[in-house]
Amino acid sequence: MNYWLMKSEPYVYSFDDLVRDGKTMWDGVRNYQARNNMRAMKKGDLVLYYHSNKGLEIVGVARVVREAYPDPTAEKGDWSAVDIEPVVKLNKPVPLKLIKQTPELSRMQLVRNSRLSVSPVTPEEFARILELGETTLPA
DNA sequence: GCCAACGTTGGC
DNA sequence: GCCAACGTTGGC
């Protein structure tokens with residue numbers, strides 16, 4: 001099982017939108033590093049959902065339900081999409097500010113390369129985020 | 001709204 | 001193949 005972090009601008013597609021829809025296709029990624037991360041995702045992998053631009057916090061956990069397939073929105077080039085579903089909304093969102101202040105989290109890709117929209121997360125980082133979010137995964 | 005960081009493009 | 005110019009992302 002691997003862990004990831006994906007960013008979305010909440011006014012474009014928020015975690016609540018994902019909860020409402022029950023599932024979504026994660027498309028439109030046009031960055032090779034992010035694409036390669038998406039291709040490494042396995043069904044069942046868990047994803048931290050981060051709101052960029054507005055909010056600047058991790059708000060929920062999602063799960064990969066379909067592994068990488070050709071991005072139907074790509075008119076040219078070799079791009080991928082995955083499908084995700086919501087797992088749980090954090091009881092307390094975890095702001096970027098707090099992540100930066102937390103020594104174990106300050107080396108997250110989110111902090112080190114703020115422009116990367118899909119990044120890997122270590123199991124330790126994932127656990128710590130849930131802890132800070134005062135949230136446990138549903139059984 | 002600004003600007004730093006990063007990626008891409010294109011001239012040479 | 002280098003690198004300057006440009007575009008985009010995203011935090012501040």
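Bear in mind the structure is a predicted one, so any value in this text is a computation, not a measurement. Numbered from 1 within each chain, the chains take letters A, B, ... in sequence-line order.
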Students should find this one: the first and last nucleotides of DNA chain C, 5' to 3', lying under 4.0 Å from a heavy atom of chain A. What are they?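 From 5' to 3', the first and last contacting nucleotides are dG7(C) to dC12(C).
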Taking five pairs at each end, how big is the angle between the two axes of the helix from dG1(B)-dC12(C) to dC12(B)-dG1(C), to 10°?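 The helix from dG1(B)-dC12(C) to dC12(B)-dG1(C) shows an end-to-end axis angle of 10°.
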Residue pair S80(A) / R39(A), side-chain donor-acceptor N/O under 3.5 Å: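 Their side chains do contain a donor-acceptor pair, which is all the 3.5 Å distance test asks for.
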Donor-acceptor side-chain pairing of S14(A) and D17(A) below 3.5 angstrom: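 D17(A) and S14(A) do have a side-chain donor-acceptor pair below 3.5 Å.
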Donor-acceptor pairs under 3.5 angstrom involving side-chain atoms of residues 128-139 of chain A: please list them, not counting sequence neighbours.
residue: R128(A); atom: NE; partner: E104(A); partner atom: OE2; Å: 2.6
residue: R128(A); atom: NH1; partner: E131(A); partner atom: OE2; Å: 2.9
residue: T135(A); atom: OG1; partner: N91(A); partner atom: N; Å: 2.8
residue: T135(A); atom: OG1; partner: G133(A); partner atom: O; Å: 2.7

ring-ring contact (aromatic ring centres under 6.0 Å, His included) with W26(A): which residues, sequence neighbours excluded?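 W26(A) satisfies ring-ring contact (aromatic ring centres under 6.0 Å, His included) with Y49(A) once adjacent residues are dropped.
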By ring-ring contact (aromatic ring centres under 6.0 Å, His included) - contacts of Y32(A) (at least two apart):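 With sequence neighbours excluded, Y32(A) shows a ring-ring contact (aromatic ring centres under 6.0 Å, His included) to W79(A), given in chain and number order.
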Test: K43(A) and E67(A) ion pair at under 4.0 Å: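 Looking at E67(A) together with K43(A), the answer is no, because their closest N to O distance does not fall below 4.0 Å.
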Note: K89(A)-D16(A) ion pair, threshold 4.0 Å (strictly below):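 Yes, charged N to carboxylate O under 4.0 Å.
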Taking any heavy-atom pair under 4.0 Å as a contact, classify K97(A): base, sugar-phosphate, or nothing.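 No contact.
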Listing request: all ring-ring contact (aromatic ring centres under 6.0 Å, His included) pairs with a residue in residues 100-120 of chain A, at least two apart in sequence or in separate chains.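 The answer is none; no pair qualifies.
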